[in-house]
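Below is one structure; the comments refer to it alone.
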Amino acid sequence: MRPGIGDLTEPRQPKGTEPSEAELIERAKLGDAEAFQGLYDKHKRRVYSLCLRMTANTAEAEDLAQEAFLQLYRKIATFRGESAFSTWLHRLSVNVVLMHLRKKSLPVVSLEETTQGTEEDSPKRDFGADDVALAGSIDRMQLQRAVESLPPGYRMIFVLHDIEGYEHNEIAKIAGCSIGNSKSQLHKARMKLRDLLKMNRAEEAGKTRAG
Amino acid sequence: MNCVELQQSLAEVEDGSSLEQRAHLRACPACSALVNELNLIVAAAGELQAAEEPSPRVWNSIEFALRQEGLIRPQRPLVPSFSARWGAARWLVPMAAMLLLALGIYVRRESLPNQMAQQASVAVPAANSSDLNDADLMQEVVDNEPAMKTQYAENLRQVNESIRDAQGVVDESPNDEDARRSLMDAYQQKSMLFQMAMDRSLP
Ligand SMILES: [Zn+2]
């Protein structure tokens, strides 16, 4: 089954037809640098964005993206088929980030304290920005910044569920919490984001009025 | 269902679509606005693109590690592409010559009978280029890619260390096949480093 060395020295494909992911994987297994880079180029943005959103720190995100790809590449010889490649890479990236957050002993998900409603989480909480409505569309950059300023635990659940599309049962497994906990954390994360976005708009409105 | 209960229930039924929720929402503009805003946030989050691009440092480090770990293996004849690329850089010429010499000996050794190979391998340590042109490499990096300076310096330090270590073993036991191979690998990594710097300094 293993292709001969001759296959590797044949002329590159004509321009315009990029090698498929399955092809790149097979070539990477044989130690082809370009194949490794091709796979990296296909997935770097998604992996890096995930790491950046979960850590809100460029240097950490780069280190983690690097670690995720390296871990994947070390196991590439065992990989069969392309369909699950990105899922695999993605799951691995999430694990790498979570391991990192745990090492930094950040509360990945605070298990107990959030299951009872605290004063801070009470719905009556008022930021003084309640009169600002989040009508229309939400600016991408503003949302991005608001996500970055979420507490790490909230941020992780929000990124995994609302941005990356993970289900609560998957998040519960990944983060080692209950499904109910994942749901309540997500709700609180969204409420917190709403507060942050409203404060942001209130500030901007104030600036406009003052200026 | 009152406002507090509605907000708590949103953790379970996110979009406020249960019967009880809908009954409250019809009667309560405040909660209705809240649910709309949360839905807006969820919709906007789903559209956040994976747009951020990692710096070139990331791939450099990955490539370097893959080569060190032997996951990337040289597969094409190195000589033609080497000379074509390296010819463009004034400072690389002596370095390239050294490495080509070393690689040439390596390739030849692989195809020669064992005895001759052992003679040839003696020449490898003589091509001691571990200190050669490191300063030039760093200068080239500083000129073209200042952000990568630390990265290159660190890679260079590592690879020189590998060369020194492997050299030491070869000096002690010149007939040790593995040691000679390690030394060649280390030289190859160093040439890779130069090639990476080279690739990026080309227009
Ligand atoms: Zn209400």
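Everything numeric here is computed off the predicted structure, so don't read it as measured data. Protein chains get the first letters and strands the later ones, always in sequence-line order, with residue 1 at the start of each.
Contact of the B:L40 side chain with the A:R194 side chain is not registered, since no non-hydrogen atoms from C-beta on lie closer than 4.5 Å. Taking the side chain as every heavy atom from C-beta outward, B:E53 and A:Y48 never approach each other to under 4.5 Å. When side chains are defined from C-beta on, B:V58 counts as touching A:Y40, because their heavy atoms get closer than 4.5 Å. The shortest side-chain heavy-atom distance between B:L48 and A:R53 falls under the 4.5 Å cut-off. Side chains of A:M191 and B:L10 form no contact here, defined as non-hydrogen atoms less than 4.5 Å apart. Looking at A:L197 and B:E37, their side chains never come closer than 4.5 Å, going by heavy atoms from C-beta outward. Side-chain contact between A:I76 and B:L71 is absent, with no heavy-atom pair separated by less than 4.5 Å.
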(message) I'd like to know whether B:W59 forms a side chain to side chain contact (heavy atoms under 4.5 Å, CB included) with A:Q37, so could you lay out the CA-CA distance, the side-chain angles of the two residues, the decisive distance to 0.1 Å, and finally the verdict.
(response) CA-CA 8 Å; B:W59 171 249; A:Q37 188 164 14; 3.3 Å; yes
(message) Determine whether B:E52 and A:R45 satisfy the following criterion, salt bridge (Lys or Arg N to Asp or Glu O under 4.0 Å), listing intermediate values before the conclusion.
(response) CA-CA 6 Å; B:E52 304 288 338; A:R45 282 186 194 82; over 6 Å; no
(request) Decide salt bridge (Lys or Arg N to Asp or Glu O under 4.0 Å) for B:R57 and A:E62; before the verdict, give the C-alpha distance in whole Å, the side-chain angles of both, and the deciding distance to 0.1 Å. (result) CA-CA 8 Å; B:R57 180 187 81 85; A:E62 287 191 351; 3.1 Å; yes
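No more than 12 heavy atoms of other residues, nucleotides or ligands sit less than 6.0 Å from atom CD of B:E12. Within 6.0 Å of NZ on A:K75 lie more than 12 heavy atoms contributed by other residues, nucleotides or ligands. Enclosure of atom CD in B:E5 by more than 12 non-hydrogen atoms of other residues, nucleotides or ligands within 6.0 angstrom is indicated.
Between A:L70 atom CG and B:E63 atom CD the span is 11.5 Å, to the nearest 0.5 Å. The distance from atom NE2 of A:H187 to atom OG of B:S9, rounded to the nearest 0.5 Å, is 8.0 Å.
Nearest approach of B:R73 to A:K29, heavy atoms of both residues: NH2-O, 3.4 Å. Across B:A45 and A:L143, no two heavy atoms sit closer than the pair N-CD2, 3.6 Å. Considering every non-hydrogen atom in both A:S184 and B:A11, the closest pair reads CA-CB, 4.0 Å.
For A:A59, the part lying under 4.5 angstrom from a heavy atom of chain B is the backbone only. Neither the backbone nor the side chain of B:L6 comes within less than 4.5 Å of any heavy atom of chain A.
Comment: A:R190 engages B:E14 in a salt bridge, judged by a side-chain N to carboxylate O separation of less than 4.0 angstrom.
Per-residue heavy-atom pair counts under 4.5 Å with chain B were compared for A:V147, A:L186, A:V47, A:D63, and the maximum is reached by A:D63.
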